[in-house]
Amino acid sequence: MKPVIALVDCNNFYVSCERVFDPTLLGRPVIVLSNNDGCVVARSNEAKALGIGMGVPAFEIRPVIERHRVQTLSSNYTLYADMSDRVMETLGTMVPQLEVYSIDEAFLDLAGLPCTLTEFGRTILSTVHRWTGIPVTVGVGRTKTLAKIANRLAKHSAKANGVLDLTDSPYLDKALAETPVEKVWTVGIKTTIRLKRAGIATALHLRDADTHWVQRIFGVVGVRTVYELRGIPCYPLEHNPPLRQSVAVSRMFGRPVETLDEMRQAIASYAARAGEKLREQGLAAGLLTVYVTTSRFIEDRYFNGHTASLAIPTNDTVELIRQACLCMDRLYRKGYAFKKCGIVLTGLVPEARLQMGLFDQEDRRKARRLMHAVDAVNHRYNKTLHWAAEGLEQPWKVLFKRRSPRYTTDWNQLPAAAD
DNA sequence: TCTGGGGTCCTAGGACCC
DNA sequence: TCTGGGGTCCTAGGACCC
């Protein structure tokens with residue numbers, strides 16, 4: 001049986017989430033900003049039509065925002081994550097196999113479907129919209145790369161109306177010819193420049209390129225993409241997602257930080273969050289990396305990192321904070337205005353398979369019970385418990401000037417049906 | 001007059017994704 | 001004044017081993 005893969009992609013996902021709970025945003029230009037209200041991470045179609053680009057710093061487009069009354073929101077990741085779960089659960093009821101690829105995308109296995117693919121695509125579109133309020137687009141192809149291309153065209157074409165099937169399609173070559181090479185999955189900015197220099201400007205050109213040449217210039221990733229464009233799958237659907245390789249927490253500061261005290265507070269609070277993430281996923285970390293940086297946009301940039309190896313992999317916040325602060329002590333330099341720091345945990349192993357250390361002095365069972373209790377309280381009472389090392393004031397913290405309520409995950413912030 | 005060769009593991013950096 | 005955050009995979013080069 002030939003493979004059939006659908007890519008279901010939520011339209012302008014963060015904006016769509018906001019619109020579900022605030023219908024006054026419908027039909028108007030809306031953007032969502034990144035942490036610290038720094039740059040644009042989501043745009044409604046109306047905002048895209050105004051020429052607002054993805055990733056653009058907010059301060060650069062202030063005139064456009066004011067002139068066109070663009071509705072500007074801070075990001076509300078708690079809401080988006082919850083809405084994403086609802087969309088993925090809905091899709092899970094419709095197909096036997098799916099791979100959640102990102103917060104707003106999933107690949108579906110549609111091989112051997114009893115009805116036509118376009119028909120089924122329409123059912124997906126209407127069901128997800130009815131159950132969650134989120135509009136989606138469906139692209140179908142023989143490979144993930146082709147499904148991506150179908151999805152992109154489905155979004156742009158009025159005729160497709162949100163669903164496009166390119167499996168055995170007489171229009172496949174035309175679709176590839178209409179796809180600029182930089183829109184092909186895995187082709188980024190660097191590769192685009194080199195491909196265009198070689199006269200390869202569309203997905204069709206790339207499909208018909210010489211694989212030996214592609215191998216030499218772009219390595220195996222390039223070759224896989226060429227095969228995928230030819231309908232030969234190199235990226236199968238992942239049914240059992242492999243174990244996570246790393247867990248990271250980092251934030252820009254709300255204002256520059258110059259003291260070691262505040263840097264330690266910040267890294268302690270990120271370490272605490274990283275510990276929560278580990279425990280949520282049943283993992284423990286063997287390596288802990290801390291890094292610090294001043295602004296990327298100044299001459300005398302200071303960037304440095306340090307990795308500590310943990311004798312026994314752990315997800316104990318007390319230990320993570322202690323190690324993170326030790327790293328911070330080594331990295332901190334007086335006289336710099338730091339803009340950001342972060343923690344990355346690697347060497348991840350399943351908590352259940354932890355080996356005991358022969359000379360281990362810690363009472364790990366006790367620590368585990370403590371973490372479990374803290375997590376339970378924080379889950380029940382909305383993050384009320386904090387670690388002293390995180391500091392009380394946290395003046396370095398980022399600001400969210402226009403964050404919408406946590407409509408779906410906090411009893412106190414539920415939307416009212418009527419006034 | 002003259003320094004092997006191949007395999008594996010680890011790490012840092014690059015490129016890309018959403 | 002103001003420029004996000006969290007991931008993955010690949011590659012090259014060095015260390016190390018036999």
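In what follows, chains carry the letters A, B, and so on, assigned in the order in which the sequence lines appear, proteins first and then strands, with residues in each chain numbered from 1.
Here A:F297 lies parallel enough and close enough to stack on the base of C:dT3, with planes under 30° and ring centres under 5.5 Å apart.
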Item to check | A:L237 vs A:H239, side-chain contact (heavy atoms from CB on, under 4.5 Å): CA-CA, chis, key distance, verdict | outcome: CA-CA 6 Å; A:L237 215 69; A:H239 297 143; 3.8 Å; yes
Item to check | Candidate pair A:F218 and A:V187, rule side-chain contact (heavy atoms from CB on, under 4.5 Å), full reasoning | outcome: CA-CA 10 Å; A:F218 303 102; A:V187 176; over 6 Å; no
Checklist entry - For A:K383 and A:E276, what are the C-alpha separation, side-chain angles and deciding distance, and is it a salt bridge (charged side-chain N to carboxylate O under 4.0 Å, His left out)? => result CA-CA 11 Å; A:K383 312 216 166 175; A:E276 284 174 5; 3.7 Å; yes
Checklist entry - Is there a salt bridge (charged side-chain N to carboxylate O under 4.0 Å, His left out) between A:E105 and A:R152 once you walk through the steps? => result CA-CA 12 Å; A:E105 284 172 65; A:R152 178 177 169 276; over 6 Å; no
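Atom-to-atom, CD of A:E228 to C1' of C:dC9 comes out at 15 Å; the value is rounded to the nearest Å. Taking atom CZ of A:R152 as the reference point, atom P of B:dC18 lies 12 Å away to the nearest angstrom. Per the geometry, CZ belonging to A:F253 stands 13 Å off P belonging to C:dT3, to the nearest Å. Remark: P of B:dC17 and CZ of A:F107 are 12 Å apart, rounded to the nearest angstrom. Per the geometry, OH belonging to A:Y235 stands 12 Å off P belonging to B:dC18, to the nearest Å. To the nearest angstrom, P of C:dG5 lies 19 Å from CG of A:D104. Atom pair A:M252:CE and C:dG5:C1' shows a separation of 11 Å (rounding to whole Å applied). Across the protein-nucleic acid pair, A:L73 atom CG and C:dG4 atom P stand 19 Å apart, rounded to whole Å.
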Identify each atom pair where a protein N or O and an N or O of nucleotides 10-12 of chain C are less than 3.5 Å apart, giving names and distance.
from	atom 1	to	atom 2	distance (Å)
C:dC10	OP1	A:R224	NH1	2.7
C:dC10	OP1	A:R224	NH2	2.9
C:dT11	OP1	A:V220	N	3.4

Detail all sub-3.5 Å separations between protein N/O atoms and N/O atoms belonging to nucleotides 14-16 of chain C.
none

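For A:N35, a side-chain nitrogen or oxygen approaches OP1 or OP2 of C:dG5 to under 4.0 Å. In this structure, A:K190 does not reach the B:dC17 phosphate: none of its side-chain N or O atoms is under 4.0 Å from OP1 or OP2. Look at A:R255 and you won't find any side-chain N or O under 4.0 angstrom from OP1 or OP2 of C:dC2. The side chain of A:K339 places no N or O atom within less than 4.0 Å of a non-bridging phosphate oxygen (OP1 or OP2) of C:dG4.
For A:W396 and A:F338, the distance between ring centers is not under 6.0 angstrom.
Using a 4.0 Å cut-off between charged side-chain N and carboxylate O, A:D173 and A:R207 make a salt bridge.
Using P as the reference atom, C:dC18 and B:dT3 are 24 Å apart when rounded to the nearest Å.
Within residues 238-250 of chain A, the residues having any heavy atom closer than 4.0 Å to DNA chain C are, in order of number, A:R244, A:Q245, A:S246, A:V247, A:A248, A:V249, A:S250. Annotation: proximity of residues 14-21 of chain A to DNA chain B (heavy atom, distance under 4.0 Å) is found for no residue.
Within 4.0 Å of A:F13, counting heavy atoms only, lies no atom of the nucleic acid at all. Using a 4.0 Å heavy-atom cutoff across all strands shown, A:V187 reaches sugar-phosphate atoms only and no base atom. Within the 4.0 angstrom heavy-atom criterion, no nucleotide atom of any strand lies near A:V100.
Applying the ring pair (Phe, Tyr, Trp, His ring centres under 6.0 Å) rule to A:Y270 yields no partners; only residues at least two apart in sequence or on another chain are considered.
By the rule that a glycosidic angle within 90° of 0 means syn, B:dC2 counts as syn.
Taking the six-membered ring where the residue is Trp, A:Y14 and A:Y77 present perpendicular rings, their angle passing 60° and hence far from 30°.
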Item to check | Dot-bracket summary - DNA chain C, pairs being Watson-Crick or G-U whose distances fall under 3.5 Å, with | when paired to another strand | outcome: ....||||||||||||||
